[in-house]
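Everything below concerns the one structure shown next.
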Amino acid sequence: MKVFGVVGWKNSGKTGLMERLVADISRRGLVVSTVKHAHHSFDVDHPGRDSYRHRQAGAQEVVLGSYNRWCIMHELRGGQEPTFDELLAKLSPCDLILVEGYKSEPIDKIECFRAETGNPLIVSSDPHVLAVASDTVLEAVKRPVFDLGDTSAIADFILAHTGLTR
C-alpha cells in the first residue's frame, strides 16, 4: 500500500483537500483509505447508545456492525497511543492511504498553506514535504506549488509520485 500525507497548520485547508482527493482518486478506480490524527479526545459513539454503554461499562473493544459499515472502537484506558505504523497495520489492503496530520512522520507529503493564517511554511524545515498546495503565490518555495483548489493536478502529482498513475 502506498502512503502519502497532507499536512499544514490549523485552518490551512487540509480536510477539504483530503475530502476532494479521496473523491477524485476514488473516481479514477483506486481504493483509498485515510488516517487522521486528532490532537484531542474524540468519540464516534453517542451517550445512551448500546455500544457507548458497553464501552462505559469497561469493554476494551466494541465492534459495531450493520449492513452499511462496521467499526471497532478500542479504548486505551490510560495505555499508550498507538504509533503511526501500528495504525497503518490495522487497515485493510488498499491502493493508497492518505494521511491527514502526523506532521512529524517521515512520509512523503504535501503541505496545505493559506496566507491568512500567518503560520510559517512547514516545507522550509521538512524534507518530506514534496510540494505545497497554496492559496497564494510562493515564489521562494523550491518545490512544486499547486493552487489549493486544483485537486486534479494535486491528485496527478500524488499518483505519479507513488507510482499509481493509471
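Because the structure is a prediction, the values reported are computed rather than measured.
The hydrophobic side chain of Tyr52 is isolated, with no ILVMFWY side chain under 4.5 Å apart from it. In the hydrophobic clustering, Trp70 connects to Val63, Ile72, either directly or through intervening members, whenever side-chain heavy atoms lie under 4.5 Å apart. When hydrophobic residues (I, L, V, M, F, W, Y) are linked wherever their side-chain heavy atoms come within less than 4.5 Å, Leu76 remains an isolated member.
Closest approach of Ala155 to Ile25, counting heavy atoms only: CB-CG1, 3.9 Å. Summarising the geometry of Leu21 relative to Ile158, their closest heavy-atom pair is CD1-CD1, 3.8 Å, with the distance given to 0.1 Å. For the residue pair Cys112 and Leu17, the shortest heavy atom distance occurs at SG-CD2, 3.5 Å.
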Report all side-chain donor-acceptor pairs from residues 120-128 shorter than 3.5 Å, counting only partners two or more places apart or in another chain.
from: Ser125; atom 1: OG; to: Ile122; atom 2: O; distance (Å): 3.3
from: Asp126; atom 1: OD1; to: His128; atom 2: N; distance (Å): 2.7
from: Asp126; atom 1: OD2; to: Lys109; atom 2: NZ; distance (Å): 3.0

In a table with atom names and distances, give each donor-acceptor pair under 3.5 Å that connects a side chain of residues 134-142 to protein atoms at least two apart or in another chain.
from: Ser134; atom 1: OG; to: Phe113; atom 2: O; distance (Å): 3.4
from: Ser134; atom 1: OG; to: Thr136; atom 2: N; distance (Å): 3.0
from: Ser134; atom 1: OG; to: Thr136; atom 2: O; distance (Å): 3.0
from: Asp135; atom 1: OD1; to: Ala115; atom 2: N; distance (Å): 3.1

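Under the ring-ring contact (aromatic ring centres under 6.0 Å, His included) criterion, the residue pairs touching residues 2-34 are Phe4-His161, with sequence neighbours excluded. Every pair passing side chain to side chain donor-acceptor pair (under 3.5 Å) that includes a residue from residues 111-120 is listed here, sequence neighbours excluded: Thr117-Asn119. For residues 77-96, the ring-ring contact (aromatic ring centres under 6.0 Å, His included) pairs, not counting sequence neighbours, are Phe84-Tyr102.
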From CA spacing to verdict: side-chain contact (heavy atoms from CB on, under 4.5 Å), His74, Gln60: CA-CA 6 Å; His74 181 96; Gln60 179 173 329; 2.8 Å; yes

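In this model, a donor atom of one side chain and an acceptor atom of the other lie less than 3.5 Å apart for Thr15 and Glu100.
Scanning for salt bridge (Lys or Arg N to Asp or Glu O under 4.0 Å) contacts around Asp147 gives an empty result, with sequence neighbours left out. Applying the salt bridge (Lys or Arg N to Asp or Glu O under 4.0 Å) test to Asp108 and every residue at least two apart in sequence or in another chain returns nothing. For Cys94, the side chain to side chain contact (heavy atoms under 4.5 Å, CB included) partners two or more places apart in sequence, or in a different chain, are Met1, Val31, Ser33, Ile97. Annotation: side chain to side chain contact (heavy atoms under 4.5 Å, CB included) contacts of Ser92 (sequence neighbours excluded): none.
Here the side chain of Arg55 pairs no donor or acceptor atom with the backbone of Glu75 at under 3.5 angstrom.
Results of the side-chain contact (heavy atoms from CB on, under 4.5 Å) test with Val32 over Val22, Asp95, Leu164, Asp24 single out Val22 as the only residue that passes.
Within 6.0 Å of CZ in Arg69 there are 12 or fewer heavy atoms belonging to other residues, nucleotides or ligands.
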